[in-house]
Amino acid sequence: MRNGTSAIAVAVAAFLALLGAALGQDALFRIQAWIVFTVLALGAVFLFRRVSFGPAGAAALTGEQAAYNDDVIRWGVIATLFWGTAGLLVGVIAATQLAYPAFNIPPFLNFGRLRPLHTSAVIFAFGGNALIATSFYVVQRTCRARLFGGWLPSFVFWGYQLFIVLAATGYLLGITQGREYAEPEWYVDLWITVVWVAYLLVFLGTLVKRKEPHIYVANWFYLSFIVTIAMLHLVNNLAVPVSFLGVKSYSAFSGVQDALTQWWYGHNAVGFFLTAGFLGMRYYFVPKQANRPVYSYRLSIVHFWALIFMYIWAGPHHLHYTALPDWAQTLGMVFSVMLWMPSWGGMINGLMTLSGAWDKLRTDPVLRMMVMSIAFYGMSTFEGPLMSIKAVNGLSHYTDWTIGHVHSGALGWVGMVSFGAMYFLVPKLWNRKQLYSLRLVNWHFWLATLGIVVYAAVMWVSGIMQGLMWREYDGQGFLVYSFAETSAAMHPYYVMRILGGVLYLLGMLVMIYNVYKTIRGDVRAEVPMGAEAPALKPAE
């Protein structure tokens, strides 16, 4: 019987969720339980409709379908685009609320609830789905082995979507631990732990049964991302629930220990979720798109081990001038500055991979997008160590300069390399000869690039101005500017930030249309990229 066991398991889980909805100790827990019940009940109905009573292996697979499990990767590509659009839209709304407070709609749609929804949507929903999809694709191709675990990859994907739904609805309801990048409460943390362990088993199992003796470097980056995020999550989210049928819990840490644990987690969530994982993506898709080998495989290994060793110590630089002991602050600063070297080594390795293929940038906007992501990676990994230096941090911390830094990395590095990988994957996963339109990819590239530049530039100006106004004293030692005056001075830049976000969102919508038409099998009649360039004439 095919799908029967899965359908029964989902139905049982739906029944348990129904019990939680009936017996929950507080209204918020009951609402979350009803959401889980609805999702699982719909899933059970879908699976029962697909139950067949032939032998489980009756559906014969041929060719590459027999070699690789690409269904879950197709789902991952679609989920990446969906959640990316949702996260960017919420970001634009949140930016509008900061510029025009009238757009705050209490209690569910105010800035305090939409801001964590935005950050989690773009990091964990968009970025997480991109990482899961691409890691499943890369590990199969570089190991020449089908994904391990049978139904387990599907469980990872759908279990992760349930985590996203629970976290997102929880933010809107006001369910939060109040921890940056770790907002979901204890029961959501337990669920994602189960899903993440399954993810690790799938990835490790595929590596173990590989047919290639060598483990390609991209897999090392993906594996470090999976293992380290698991460790960070388990430690930072240690908590005691008030009730096993209620939303509230209390952290196992308090005071300065809680702050240190949180930013050990927070910075390394950036380091391993938003850096190491996407470096794995870059080390596979840039050489494939450029049709060139990695410039230096030895440098990629040095990049990996240096990054892994140094990044884990850098978290305390988020706590300069706080109650954290000064030696711990200095430790975080020193390792942050040291990180500049391996990071730029990796950037140079990525750019030099295009040796002999730079001419392709004129005709291949997908490769152009990937190269732009490497450039933003280099810029962000220079700016980050710079901002960790205590003297600089005294000006930048708690200001919009930090917001500009984060978004130049998230939109420029993470977003661009993810878009490039998706453009690479879609024709291959749906057996299409090419994308619907390279011209639309070019439009996406310029909309996204302009959006990032506008966003980051105005936040840098706003943040530095903000920091300088906060430190301005008169001759008698009183502050020259009130907080309200500082906020009023930043208003024009907040309006410009909305424009940057809208441009980036428009690029995403162009991508969705392009991908939709590609999946349909359409090809747009257009002049090839670069064909309009005038022919070069010999010098006279």
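What's counted below: heavy atoms across the whole structure, side chains too, no hydrogens, waters or symmetry copies.
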W305 and W220 aromatic ring geometry - parallel, tilted or perpendicular at 30°/60° bounds: tilted
Expected output: side-chain Y160 to main-chain F124 donor-acceptor under 3.5 Å: yes
Within 45° cone of F111 ring axis and under 6.0 Å: R115 NZ or CZ: no
Steps toward ring-ring contact (aromatic ring centres under 6.0 Å, His included) verdict (H118, Y171): CA-CA 10 Å; H118 163 63; Y171 299 150; over 10 Å; no
Check: H407 main-chain N/O paired with Y455 side-chain donor or acceptor under 3.5 Å: no
Any donor-acceptor N/O pair, W401 side chain to G467 backbone, under 3.5 Å: no
Exercise: identify the closest heavy-atom pair between A133 and I73: O-CG2, 3.6 Å
Verdict with supporting geometry, I312 and W264, side-chain contact (heavy atoms from CB on, under 4.5 Å): CA-CA 7 Å; I312 205 76; W264 170 76; 3.9 Å; yes
Heavy-atom side-chain contact between F82 and I512 under 4.5 Å: no
Contacts of F272 that satisfy ring pair (Phe, Tyr, Trp, His ring centres under 6.0 Å) - sequence neighbours left out: none
Heavy-atom neighbours of Y321 OH exceed 12 at 6.0 Å: yes
Partner of N129 under side-chain contact (heavy atoms from CB on, under 4.5 Å), chosen from I78, V77, I164: I164
Interatomic distance, L238 atom CG to T261 atom OG1 [nearest 0.5 angstrom]: 9.0 Å
CG on N104 to CG on L114, rounded to 0.5 Å: 8.0 Å
Any donor-acceptor pair under 3.5 Å from S373 side chain to M416 backbone: no
4.5 Å side-chain heavy-atom contact, V194 and F155: yes
Evaluation steps, side-chain contact (heavy atoms from CB on, under 4.5 Å), between L339 and T381: CA-CA 8 Å; L339 268 171; T381 53; over 6 Å; no
Any donor-acceptor N/O pair, Q140 side chain to F136 backbone, under 3.5 Å: yes
Heavy-atom donor-acceptor pair, Y297 side chain to V217 backbone, under 3.5 Å: yes
Heavy-atom closest pair, residues S251 and R179: OG-NH1, 3.5 Å
Lys/Arg N to Asp/Glu carboxylate O, D26 vs K248, below 4.0 Å: no
I175 to Y187 - nearest heavy-atom pair and separation: CD1-OH, 3.7 Å
Minimum heavy-atom distance Y494-S462, with the two atoms named: CE1-OG, 4.0 Å
Pairing residues for F157 by the ring pair (Phe, Tyr, Trp, His ring centres under 6.0 Å) criterion, not counting sequence neighbours: W75
Whether F419 and H444 hold their rings parallel, tilted or perpendicular, with breakpoints at 30° and 60°: tilted
N/O donor-acceptor pair under 3.5 Å between H303 side chain and S343 backbone: no
Among E180, H318, Q262, the one residue meeting side chain to side chain donor-acceptor pair (under 3.5 Å) with H267: H318
Side chain proximity check, F285 to V138, heavy atoms < 4.5 angstrom: yes
Beyond-backbone contact of V188 with I192, side-chain heavy atoms, under 4.5 angstrom: no
Residue pair S135 / Y199, side-chain donor-acceptor N/O under 3.5 Å: yes
No-hydrogen, no-angle side-chain donor-acceptor test under 3.5 Å, Y181 and T119: no
Donor-acceptor under 3.5 Å (Y216 side chain, Y283 main chain): yes
Any side-chain heavy-atom pair of M469 and M465 under 4.5 Å: yes
Distance-only polar pair, side chains of N268 and T228, donor-acceptor under 3.5 Å: no
Gap separating the CG atom of L223 from the CD1 atom of I308, nearest 0.5 angstrom: 9.5 Å
Parallel, tilted or perpendicular: rings of W413 and Y377 (30°, 60°): tilted
Distance, nearest 0.5 Å, that separates CZ of R471 from CD of Q466: 12.5 Å
salt_bridge(K390, D326) N-O dist < 4.0 Å: yes
Check: S482 main-chain N/O paired with E485 side-chain donor or acceptor under 3.5 Å: yes
Among W196, F278, Y311, ring-ring contact (aromatic ring centres under 6.0 Å, His included) partner for F225: W196
Steps toward side-chain contact (heavy atoms from CB on, under 4.5 Å) verdict (Y398, W470): CA-CA 11 Å; Y398 308 115; W470 284 351; 4.1 Å; yes
Close side-chain approach of Y493 and D400, heavy atoms under 4.5 Å: no
Under 3.5 Å: donor-acceptor pair, side chain of R282, backbone of G346: yes
Working for side chain to side chain donor-acceptor pair (under 3.5 Å), residues T142 and N219: CA-CA 8 Å; T142 55; N219 293 320; 2.8 Å; yes
Closest approach of V414 to L274 (non-hydrogen atoms, all atoms of both residues): CG2-O, 3.5 Å
Close side-chain approach of V247 and W186, heavy atoms under 4.5 Å: no
Euclidean distance, L109 CG relative to R113 CZ, rounded to 0.5 Å: 9.5 Å
Greater than 12 external heavy atoms within 6.0 Å of Y481's OH: no
side-chain contact (heavy atoms from CB on, under 4.5 Å) assessment of M422 paired with T134: CA-CA 8 Å; M422 296 301 112; T134 56; 3.8 Å; yes
Atom pair CG/OH of L499 and Y504 - distance to nearest 0.5 Å: 15.0 Å
I498 vs V502 side-chain heavy atoms within contact, under 4.5 Å: yes
Parallel, tilted or perpendicular: rings of F382 and W340 (30°, 60°): perpendicular
Stepwise side chain to side chain donor-acceptor pair (under 3.5 Å) test for S243 and Q25: CA-CA 7 Å; S243 166; Q25 295 296 303; 4.7 Å; no
Test item: side-chain donor near acceptor, T193 and H233, under 3.5 Å: yes
Within 45° cone of F445 ring axis and under 6.0 Å: R368 NZ or CZ: yes
Nearest atoms (heavy-atom pairs only) where M281 meets A130: CE-O, 3.9 Å
